[in-house]
Amino acid sequence: MISHVGSNGKLEYKHQMSEIARVVVDLALDREFDYRVPPRLDSDVKIGSRVLVPFGKRKVYGYVVSLAGSSPVSNVKEIIDTVGRGPLITEAVLKLAHWISEYYITPFEMVVRTILPSAVRHEQSRFKEGLLVSIREGATAPRSIKEMEKRAPRQAEILAYLLSHGPTYMKDLTKRLKVANSPVRELKKKGLVDIASSVIRRNPSWGREVVATEPHALMPQQSEALKMIQGSIRCLDPAAVLLHGVTGSGKTEVYMQALQFALEQGKGGIILVPEIALTPQTVERFRGRFGDQIAVLHSHLSTGERHDEWYRIRDGEARIAIGARSALFAPVRNLGLIVVDEEHENSYKQEEAPRYNARDVAVVRGRIERCAVVLGSATPSIESYHNALHGKYALARLPHRVDHRKMPALRIVDMREEVEREGRVNVLSRDLRDAIESRLQHAEQTILFLNRRGFATSLICPKCGYVAECDQCSVSMTYHKKADELRCHICGVYRRVPARCPNRDCNDPAFRFAGIGTQRVEEVVSKLFPKARVKRMDSDTTIRKESYNEILGGFRSGKIDVLVGTQMIAKGLHYPNVTLVGVINADTVLHMADFRAGERTFQLLTQVAGRAGRGDVTGEVIVQTFTPHHPAVQAARRMDYEGFCDQEIEFRRELSYPPFTHLVCITMRGPSEGHLTYGGTLFAKKLKPLMPDDVIVAGPTPAPLEKMKGLYRYQIMVRAHSIRPVTAAIRDLLKEFKWPEKVRCAVDVDALSIM
Ligand code: ADP
Ligand code: ZN
């Protein structure tokens, strides 16, 4: 080792024999440490390698993020060992991880924890070894089979199997042919087969036969969309493509043919679908077209399967990764195409740090790897649509269903009239009741949909549909039970709860609306239709992993007449016999204390409507609401996506909401409300001067979800036209800010949910 003075004037120690690896250790310290690469590991340690290093008195795991010739530190320790085979993170994904760490203000190690499945990160799940049986080179199997058929039928059978199926693991061979090991060993003795130890791939779809499918001849609009995407795959600097196609318009077929094209160019692909849509149905469609080229990454696999599927991609054995959110980080080499299906879905946003949105990060990965990115949806998010209108994304449209089946008719039931007539709020309106009755008579199926995710915390007048809104912010005010107050959680204004409906023409004393749950709906339906077979599907009835598929299986095979459920049943399901969809209460989403409530309602109604009429009978959708004239409800009735967006975009512009600004939500929680308001106020005060003047900082105010698990929650909302100066300021302040005792703070950049 020799020392010299580095360019920065500091003394540096040059290591001649071995390089220096900059390592990020698994301790959330958000900094890099230097380690020497011992000569024996010289060829193994690369950027992205997982390594074991000494840290103080401990040994910890970490990743090599860069290599250097020298270190400014004098007492550099040595890397102990490497983990896994070869680098676990490609340089492109490493770049992406840095981007995420910056943009979402998250320590780099936490980002790495997200981008690598734990099955790969941890030591436990290594490769499994097994005995592979194959026909020996030069052995004339067909002749041997003939000879042995009489005397050794078992052995003949094994040879025949190997001849038609190729090399097979001993375990599978004995299981499939129901034979013991001995005849296989006998064949080895005769010099007809080889038995060798080999890595076993745990394949999640093993034994499941899929029907191979051929590409459809495309409809004209599908062809146009495909051409556009193919252009992107060929282009060196492509813009993302927004594929806006109604449900059943053949988007998936376009994705598959685009993938085919990418494969033909020697490139790979990634398909992202929302977790909830990642059913065996979806996977099988892709497997039917691409067979073993597909690797599935998904939380329902066993650890071993996840480990092996991941390596299949990294080693280039599978060229296409399909999975939920985190499949975006699959180590696909020479990436040609990323598809984000149902791009408007909130589940692409991770709710814990790093709070990234896979849809947005997909576009960034596309930029880093210069590959095509397709965002597809029947109801694209306002953000993406806005980007398309402004030429940031290219836009392709599929306005018709492939089979030219009519879109279902959507009928709005005004629940205020219902209350007027019946004198009370019924779960099912007369119209919906009659419609269910008629479906039961015709042996057709019904889906009843109820949104429960929105907290039933806004107050609504059952007579006139009045909802208390903030004058400043145009969001519903949230009812806080403890204080018996209405609050706007964007600006913090609060009001007493009025005793009568504040609408002067109404003035009804019944100004309170308690929400209903799926269980109540199930009860009501069962009571009204005692002969109907009713089933409920929500997070309570699907705790077991299999129950989801059990219920849907029962529904598919016609063993259920009426399926009651939450948004779990709103997505992607395809049941030809469903001719009626009822939305119990459109207002629960509409009156969430969130400026995206209108957009969510429109998306939800449109998606739910897509579940009806997939067979030969045109479907019907009945939507119950107290606010039938709300623009989102009306636009959904007319199936007018563009009209809705134009209006919504104007509304967002006026109030400086996304996409015109970035929204950063800083949530603080702690056991003492006093400490929260004190710390939050100080933080907001210090933050303001660090940012440009046009940045809006509001709060701290109590979060809509004011108390959770015994801890109070407060929020600071930041809205800014340009995000970089804001994240930089927040990051700097967080480094030096001393929070009062027991106060924790979480920062959500481009927040979607502000509960
Ligand atoms: P989306 O993804 O937009 O909901 P899909 O790709 O699932 O639509 O298409 C709906 C149905 O139409 C599927 O059964 C699909 O196989 C079929 N389909 C798609 N494109 C064509 C085509 N060009 N010709 C015939 N059938 C098609
Ligand atoms: Zn307000």
Side-chain angles (χ1 to χ4, degrees), residues 210-230 241-261 269-291 294 320 322-324 337-345 348 359 373-381 384-385 395-408 447 552 556 569-578 581 603-619 621 639 641:
V210 290
V211 188
T213 63
E214 291 295 318
H216 287 286
L218 295 183
M219 316 285 282
Q221 265 135 353
Q222 283 177 308
S223 296
E224 253 167 62
L226 179 64
K227 251 188 233 133
M228 194 185 271
I229 300 166
Q230 288 174 333
V241 176
L242 179 63
L243 180 58
H244 174 209
V246 299
T247 47
S249 59
K251 295 186 289 296
T252 311
E253 184 63 34
V254 173
Y255 304 152
M256 290 198 286
Q257 298 201 17
L259 270 175
Q260 186 63 45
F261 181 80
I270 295 174
I271 310 283
L272 298 186
V273 295
E275 178 78 45
I276 214 159
L278 194 57
T279 56
Q281 256 180 303
T282 313
V283 174
E284 267 163 39
R285 267 186 92 178
F286 283 90
R287 206 182 286 282
R289 192 69 58 87
F290 298 103
I294 296 271
I320 302 166
I322 180 167
L337 173 67
I338 306 173
V339 173
V340 184
D341 190 25
E342 312 273 6
E343 66 89 33
H344 65 279
E345 271 288 316
Y348 282 123
R359 179 237 302 161
V373 178
V374 176
L375 311 177
S377 173
T379 50
S381 63
S384 296
Y385 186 66
L395 180 63
R397 284 202 175 104
L398 304 175
H400 309 292
R401 285 189 165 179
V402 170
D403 46 18
H404 290 291
R405 241 167 228 147
K406 272 201 248 146
M407 296 299 275
I447 289 179
L552 289 184
R556 178 189 309 280
I569 60 173
K571 311 280 154 60
L573 306 177
H574 180 104
Y575 299 114
N577 200 33
V578 174
V581 173
Q603 288 168 346
L604 200 64
L605 293 181
T606 310
Q607 296 281 346
V608 170
R611 297 311 114 224
R614 294 217 145 197
D616 298 327
V617 185
T618 301
V621 181
M639 314 224 161
Y641 175 80

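Note: hydrogens, waters and symmetry copies are ignored here, and every other heavy atom, side chains too, is used. Counting starts at 1 for both ligands and their atoms, in listed order.
Below 4.0 Å from some heavy atom of E253 lie the following atoms of ligand 1, by number and element: 6 (O), 19 (C), 20 (N). Taking a cut-off of under 4.0 Å to the non-hydrogen atoms of G250, the atoms of ligand 1 that pass are 1 (P), 3 (O), 5 (P), 6 (O), 8 (O), 9 (O), 19 (C). Taking a cut-off of under 4.0 Å to the non-hydrogen atoms of A217, the atoms of ligand 1 that pass are 22 (C), 23 (N), 24 (N). Atoms of ligand 1 found under 4.0 Å from any heavy atom of M219 (numbered from 1 in listed order, with element): 23 (N).
Note that CD of E342 and CG of L272 are 12.0 Å apart. Values are rounded to the nearest 0.5 Å. Distance check, rounded to the nearest 0.5 Å: CD1 of I294 to CZ of F286 gives 6.5 Å.
Distances from atom 5 (P) of ligand 1 to the heavy atoms of Q222, Q221, R285 show the closest one on R285.
If you look at H216 next to ligand 1, the close heavy atoms, those under 4.0 Å, all belong to the side chain. Residue T252 touches ligand 1 through backbone and side chain together, judged by heavy-atom distances below 4.0 Å.
The pair R289-E253 meets the salt-bridge criterion, with a side-chain N (NZ, NE, NH1 or NH2) lying under 4.0 Å from an Asp/Glu carboxylate O.
When all heavy atoms are compared, the tightest approach of G269 to L259 is CA-CD2, 3.9 Å.
For G248, a nitrogen or oxygen atom sits less than 3.5 Å from a nitrogen or oxygen atom of ligand 1, counting backbone and side chain alike.
The backbone N or O of H216 lies less than 3.5 Å from a partner atom in the side chain of Q257, making a donor-acceptor pair.
Here the options are H344, E343, Q603, the test is side-chain hydrogen bond (donor to acceptor under 3.5 Å, both in side chains), and the partner is S381; only E343 passes.
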